[in-house]
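Computed from a predicted model, the values in this text were never measured in an experiment.
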Amino acid sequence: MCPSSLHQSSGSGDSSFWFLGRGIFCIFRNSRSIGDKLGARALAKENNLGECQQRAIDEDVTHRIGVGWMKWRLASGVLCDKKVPPLLKGKFYRAVVRPAMLYGTECWPVKNSHIQKMKVAEMRMLRWMCGHTRMDKIRNEDIREKVGVAPMEDKMREVRLRWFGHIQRRSTDAPVRRCERLAVVGTRRGRGRPKKYWGEVIRQDMARLRITEDMALDRELWRSSIKVVG
């Protein structure tokens with residue numbers, strides 16, 4: 001299912017809910033017309049998907065790592081077999097384990113600590129697959145090259161930008177795009193550094209790859225620009 005697909009369900013009274021993707025939904029009050037002001041409970045990421053509610057990212061990271069290990073153990077008969085070539089193990093890992101870990105990560109406003117946890121979990125799996133431990137003092141890059149697996153950070157960036165491209169190619173009248181124009185009023189920001197938003201992460205990703213928002217309108221160009229091999 002495309003993450004930007006929407007499904008509407010009725011709520012209590014005059015409320016309605018629009019499902020935006022994996023684990024994200026919008027709550028609209030008095031939604032006789034989605035084009036109205038859409039005053040809503042804003043729990044959200046200024047990421048410009050509207051007034052969204054997400055599970056705590058820390059819990060999501062822990063859960064995704066746990067799911068990844070579960071898949072890894074189920075496939076350990078292949079991944080730990082010394083008779084299987086390392087590149088074939090890497091291909092099996094990319095098809096079975098990594099998708100389970102990346103599921104839903106496209107909507108995370110990730111911090112460096114979240115990325116580090118995912119990277120550490122993946123490297124433990126890859127070293128185990130190769131029959132090595134950290135005591136062997138083999139560089140992470142050498143392990144990745146041996147099994148042909150790209151860094152987790154790069155793959156997380158790829159899925160985020162792929163989803164962003166889906167959203168940008170939607171019509172401006174689509175509810176998921178209208179949410180971008182919602183203005184939250186009557187709220188006060190707490191003390192300390194502002195929370196990291198999904199839109200901020202996307203801007204950093206595009207700056208890192210030196211791509212622009214307009215490029216997302218060309219699907220083939222966008223895919224080729226964000227593609228990570230491995």
Side-chain angles (χ1 to χ4, degrees), residues 1-5 21-23 57-108 110-166 201-202 204-206 208-211 216 218-230:
M1 179 184 68
C2 174
S4 60
S5 60
R22 299 168 180 167
I57 302 301
D58 290 338
E59 296 177 1
D60 279 353
V61 172
T62 302
H63 177 67
R64 284 295 110 202
I65 292 174
V67 172
W69 275 112
M70 182 183 67
K71 294 292 185 180
W72 191 92
R73 293 187 185 98
L74 292 174
S76 60
V78 175
L79 298 178
C80 296
D81 191 342
K82 295 182 179 180
K83 297 180 181 179
V84 178
L87 288 177
L88 183 57
K89 290 182 180 180
K91 187 175 182 179
F92 197 82
Y93 169 85
R94 297 196 305 267
V96 177
V97 180
R98 190 169 64 187
M101 295 180 67
L102 291 177
Y103 182 85
T105 60
E106 65 270 20
C107 56
W108 290 357
V110 290
K111 301 178 182 177
N112 291 334
S113 59
H114 301 144
I115 296 174
Q116 184 63 22
K117 287 181 181 180
M118 297 286 283
K119 289 168 62 176
V120 168
E122 183 180 62
M123 283 311 305
R124 287 186 62 189
M125 297 178 187
L126 298 183
R127 287 182 182 274
W128 202 337
M129 284 164 47
C130 296
H132 297 302
T133 65
R134 294 187 64 186
M135 298 297 293
D136 296 325
K137 297 183 179 180
I138 300 177
R139 294 170 60 88
N140 292 348
E141 293 79 6
D142 296 335
I143 295 291
R144 292 188 181 281
E145 184 178 356
K146 185 175 182 179
V147 295
V149 174
M152 175 63 74
E153 180 179 3
D154 294 345
K155 298 303 292 187
M156 291 176 69
R157 182 185 306 113
E158 180 186 2
V159 297
R160 276 196 305 271
L161 291 174
R162 185 167 63 234
W163 187 31
F164 175 74
H166 285 315
V201 179
I202 290 295
Q204 293 174 355
D205 291 342
M206 290 193 295
R208 185 182 183 88
L209 297 182
R210 297 182 180 179
I211 56 180
D218 186 334
R219 186 176 183 274
E220 295 301 325
L221 175 62
W222 185 254
R223 284 295 182 92
S224 62
S225 300
I226 67 175
K227 180 68 175 177
V228 177
V229 179

[X] [atom1]: over 12 foreign heavy atoms closer than 6.0 Å:
| X | atom1 | value |
| --- | --- | --- |
| K155 | NZ | yes |
| D142 | CG | yes |
| E145 | CD | no |
| R144 | CZ | yes |

In Å and rounded to the nearest 0.5 Å, what is the [atom1] to [atom2] distance from [X] to [Y]?
| X | Y | atom1 | atom2 | result |
| --- | --- | --- | --- | --- |
| W108 | D58 | CH2 | CG | 10.0 Å |
| R157 | R160 | CZ | CZ | 7.0 Å |
| T62 | H114 | OG1 | NE2 | 8.5 Å |
| M152 | M123 | CE | CE | 11.0 Å |
| I143 | M129 | CD1 | CE | 9.5 Å |
| D60 | I65 | CG | CD1 | 11.0 Å |

Quick check against the 3.5 Å criterion: does R127 have a side-chain atom that pairs as donor or acceptor with the backbone of I138? yes
Side-chain (W222) to main-chain (L161) donor-acceptor, under 3.5 angstrom: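 Answer holds: yes.
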Criterion side-chain contact (heavy atoms from CB on, under 4.5 Å) on K119 and E153, from CA distance to verdict: CA-CA 7 Å; K119 289 168 62 176; E153 180 179 3; 3.9 Å; yes
Evaluate the criterion side-chain contact (heavy atoms from CB on, under 4.5 Å) for residue pair M118 and E122; output intermediate values, then yes/no. CA-CA 6 Å; M118 297 286 283; E122 183 180 62; over 6 Å; no
Going by side-chain contact (heavy atoms from CB on, under 4.5 Å), L79 matches just one of V84, V97, V96, V147. Which one?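 When V84, V97, V96, V147 are each tested with L79, the side-chain contact (heavy atoms from CB on, under 4.5 Å) holds only for V97.
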